[in-house]
Amino acid sequence: MRWSNLFVPTLRDAPGDAEAVSHKLLVRGGFMRQLHAGHYSMLPLGWKVHEKVAKIVRDEMNLIGGQEFLLPAMHPKSLWEASGRWATMGDEMFRLEDRSGAEVGLGMTHEEVFAQIATEVNSYKSLPQIWYQIQWKFRDEPRPKAGLLRVREFAMKDSYSLDVDAAGLDASFDKHHEAYLRIFEKLDLDAMPVEASSGAMGGAGSIEFMVASPAGEDDVVRCPSCDYRANVERATSALDPVTDDAPPAEPEKFATPGIRTIKALEEAGAPAASQMKSMIMVLDGNITVAVVRGDHQLNMQKLQDETGAIDIRPATPEETIEHLGAAPGSLGAVGVRNDITVLVDTALEGRTNMTTGANEDDWHYRGVDIARDVNVERYVDLREVQAGEACPKCSSAMEIVRSIEAGHIFKLGTRYAEAMNAFVLDADGEKRTIVMGSYGIGIGRNMATIAETHNDDNGLVWPVSVAPFEVCITVMKVNDERTLAASNDLYDQLRAAGIDALIDDRDARAGVKFADCELIGIPYRVTVGPRGFDNGVVELTDRKTMETEEVAIDAIAETVITKIEAAR
RNA sequence: CGGGGAGUGGCCUAGUCUGGCUAAGGCGCCUGUUUUGGGAACAGGAGAUCGGGAGUUCGAAUCUCCCCUCCCCGACCA
């Protein structure tokens with residue numbers, strides 16, 4: 001490609017509303033422009049990178065036996081009603097009506113459609129299958145943000161495995177796991193596989209691939225000594241055992257005027273670790289009391305996963321007063337109405353002599369024995385791990401790293417196949433519901449994640465694998481016939497060798513050309529100018545190290561080809 | 001949806017509090033001259049319903065009301 005013919009509107013200043021590094025650089029570098037919140041136009045350079053990322057993903061999917069499909073982006077309501085997700089997806093699904101008044105939705109994911117196609121798989125002999133597509137997804141995100149990192153319209157590679165049983169699913173899942181690791185390696189992303197919450201997908205288990213970055217939206221708990229890694233939505237830690245003094249025969253109510261917080265109560269003599277923090281939540285309309293230790297934090301996702309609730313929110317102060325009889329600050333699980341579910345964090349199991357609110361403003365109980373005094377429905381893991389807590393596997397102090405979710409794989413099980421009635425007959429002629437997995441990787445998000453982790457003061461630093469061009473030939477003086485001819489010759493040689501080369505043949509000053517080339521992040525630059533030409537050399541600059549070496553003119557093509565082929 | 005911030009030529013900003021000539025500057029763009037290995041200099045030029053609407057006023061980018069949009073922090077996800 002000749003730069004003089006290329007549409008690359010680079011900007012000296014980033015748009016004022018861009019915050020994330022990748023957002024700023026992708027706009028400044030002329031890769032994309034925002035149309036409106038969560039929707040970006042891909043410009044030629046951006047689309048090239050996007051397609052290179054997609055190709056890497058596609059190649060790896062094909063390598064594990066994936067077959068590429070292309071499904072519609074617009075789906076009938078009935079399909080989503082069959083799985084029950086028309087209702088549960090809520091506002092995140094874009095919904096519209098066609099001219100006849102029929103309701104349709106824009107696909108946020110394609111389990112339903114693939115499961116319906118899977119009804120045409122009839123024999124166990126046809127399994128396993130891996131089906132995939134790279135298709136646009138639409139999600140009415142409550143808050144699109146950080147440029148391409150979180151948008152409402154994006155290309156996703158989604159694949160689905162079909163197996164006859166759980167062991168088959170495990171094998172398909174592992175294949176994807178391996179393929180994903182290879183994809184991230186090719187994208188030069190340091191992705192950690194972590195245990196994750198399955199969220200709206202449901203299913204038996206899931207693994208997220210997380211890339212550490214301050215632009216991320218998830219927190220990953222990571223052990224520095226062993227391989228334990230988990231999303232805070234799932235992570236656990238080993239707590240020091242606590243020994244409690246023997247409690248009194250029954251809880252003692254005591255006056256606590258003005259005391260509303262754990263901290264204030266601690267100052268009044270009750271250690272936070274001996275307090276019960278009672279959070280009043282509304283799960284699908286039902287009042288639930290979630291109890292964690294005073295010095296612990298409730299993780300809402302854990303509560304949701306444990307209960308299977310769809311809609312979950314803290315109770316309003318009015319609801320709290322209506323159902324518990326007191327305002328926040330004096331709440332507790334002791335003696336609540338029978339119809340109120342009490343879920344208690346596992347860290348509180350067996351604890352006694354605790355202090356908690358008495359559900360009467362300005363009064364608390366002490367000497368509470370949880371098993372004796374609280375009508376516990378279940379002990380469940382509700383606590384969010386904090387940095388520094390001990391690893392559940394090896395007891396080392398763990399850290400929490402902000403991360404971008406670059407990919408997510410799920411063991412779905414039979415939920416969707418059952419809903420769509422997708423089954424096969426096994427060797428004994430028995431009906432077997434197809435066991436499914438689903439596997440997602442966002443193309444644009446991965447592109448942005450690379451940008452987020454590959455840049456310096458001069459701009460982007462793409463890995464060769466996804467760079468918009470692999471090398472740029474910078475012609476210093478386009479009106480100097482000798483060097484221009486030599487540059488064109490090099491360009492032809494590189495292209496003939498299959499190198500994705502760009503020749504900067506613009507009649508512009510050196511500084512402008514260098515700055516643009518660095519901003520858009522081309523891995524290698526060959527600078528051809530009269531100065532070196534008279535000595536028989538050109539310059540080769542590595543974008544990553546910014547080191548320049550002189551190379552003989554007759555050796556430059558081979559040198560570049562060798563370097564790029566090694567880096568691909 | 002709750003909280004915070006912001007909309008001024010293609011991009012970045014000043015001006016708004018304290019209303020007052022033709023809305024200012026930089027980048028970019030066009031023409032010319034001189035330049036030419038790190039975002040050149042000079043001269044000339046094009047480009048703006050100051051987010052939209054209503055109102056107050058002799059007079060509104062500036063004040064009032066309504067609406068729209070965008071960004072950031074929280075509850076969701078690739």
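Computed over heavy atoms, backbone and side chain alike; hydrogens, waters and symmetry mates excluded. Letters go in sequence order (proteins before strands), and every chain restarts at 1.
- Contacts of V57(A) with the nucleic acid, taken as non-hydrogen atoms under 4.0 Å apart, are absent.
- Residue L11(A) places its side chain closer to C11(B) than to any other of U36(B), A78(B), C11(B).
- Nucleic acid contact class of A406(A) (heavy atoms, under 4.0 Å, all strands): sugar-phosphate only.
- Qualifying salt bridge (Lys or Arg N to Asp or Glu O under 4.0 Å) partners for D456(A), counting only residues two or more places apart in sequence or in other chains: R543(A).
- With respect to K186(A) and E60(A), a salt bridge is recorded, a charged nitrogen being found less than 4.0 Å from a carboxylate O.
- Rounded to whole Å, atom P of C70(B) lies 7 Å from atom CD of Q34(A).
- Residues Y40(A) and H23(A) bring their aromatic ring centres within 6.0 Å.
- Residue R402(A) places its side chain closer to G74(B) than to any other of A78(B), G74(B), G38(B).
- Ranking C72(B), C70(B), C27(B) by closeness to the R12(A) side chain, first place goes to C27(B).
- Between the base of C77(B) and the side chain of D218(A) there is a donor-acceptor pair shorter than 3.5 Å.
- Below the 3.5 angstrom threshold, one finds no donor paired with an acceptor across the side chain of E217(A) and the base of G74(B).
- Residue side chain R525(A) reaches the base of G38(B) through a donor-acceptor N/O pair under 3.5 Å, judged by distance alone.
- Comparing C68(B) with C29(B), their C1' atoms are spaced 31 Å from each other, to the whole Å.
- Spacing of P atoms, U69(B) relative to G32(B), comes out at 45 Å, to the nearest Å.
- Among the heavy atoms of the strands lying under 4.0 Å from A146(A) are primed sugar atoms or P, OP1, OP2 only; no base atom is included.
- For the C1' atoms, the distance linking A61(B) with U16(B) amounts to 7 Å, nearest Å.
- Around atom CD of E185(A), no more than 12 heavy atoms belonging to other residues, nucleotides or ligands sit under 6.0 Å away.
- Stacking here means ring centres nearer than 5.5 Å and ring planes tilted less than 30 degrees, and by that measure F154(A) stacks onto A78(B).
- R313(A) contributes no side-chain N or O that forms a donor-acceptor pair with the base of C1(B) under 3.5 Å.
- Here the side chain of R150(A) is nearest to one of C73(B), G37(B), C77(B), namely C77(B).
- Nearest nucleotide to the side chain of A515(A), out of G39(B), A78(B), C77(B): G39(B).
- Within the nucleic acid shown, K145(A) comes within 4.0 Å of sugar-phosphate atoms alone, with no base atom in reach, counting heavy atoms only.
- Interface remark: the D516(A) side chain does form a donor-acceptor pair with the G39(B) base, using a distance-only criterion of under 3.5 Å.
- Counted within 6.0 Å of CD on E481(A), heavy atoms from surrounding residues, nucleotides or ligands total 12 or fewer; the atom is thus considered open.
- The gap from the C1' atom of G4(B) to that of G45(B) amounts to 43 Å, rounded to the nearest Å.
- G5(B) and U64(B): their P atoms are spaced 15 Å apart (whole Å).
- Look at the P atom in both C70(B) and C65(B): the space between them is 23 Å, to the nearest Å.
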For RNA chain B, the dot-bracket notation using Watson-Crick and G-U wobble pairs below 3.5 Å, [ ] for pseudoknot-type crossings and | for other-strand pairs, is ((((((((.[[[[.)....(...]]]].((((((.....)))))).....[[[[[..)....]]]]])))))))....

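- Side-chain contact between R33(A) and P9(A) is present, with heavy atoms from C-beta onward closer than 4.5 Å.
- Interface remark: the R139(A) side chain does not form any donor-acceptor pair with the C76(B) base, using a distance-only criterion of under 3.5 Å.
- Between C72(B) and U33(B), the distance separating the two P atoms is 47 Å to the nearest Å.
- Along RNA chain B, the nucleotide nearest to P144(A) and the one nearest to V151(A) differ in position, and the one closer to the 5' end is contacted by P144(A).
- Counting heavy atoms of neighbouring residues, nucleotides and ligands inside a 6.0 Å radius, atom CG of D91(A) does not exceed 12 of them.
- Close placement of the F114(A) and F69(A) rings is indicated, their centers lying within 6.0 Å of each other.
- Ionic pairing of K277(A) and D345(A) is not present here: no N-O contact between side-chain nitrogen and carboxylate oxygen is shorter than 4.0 angstrom.
- On the C1' atoms, U13(B) is 22 Å away from G19(B), given to the nearest whole Å.
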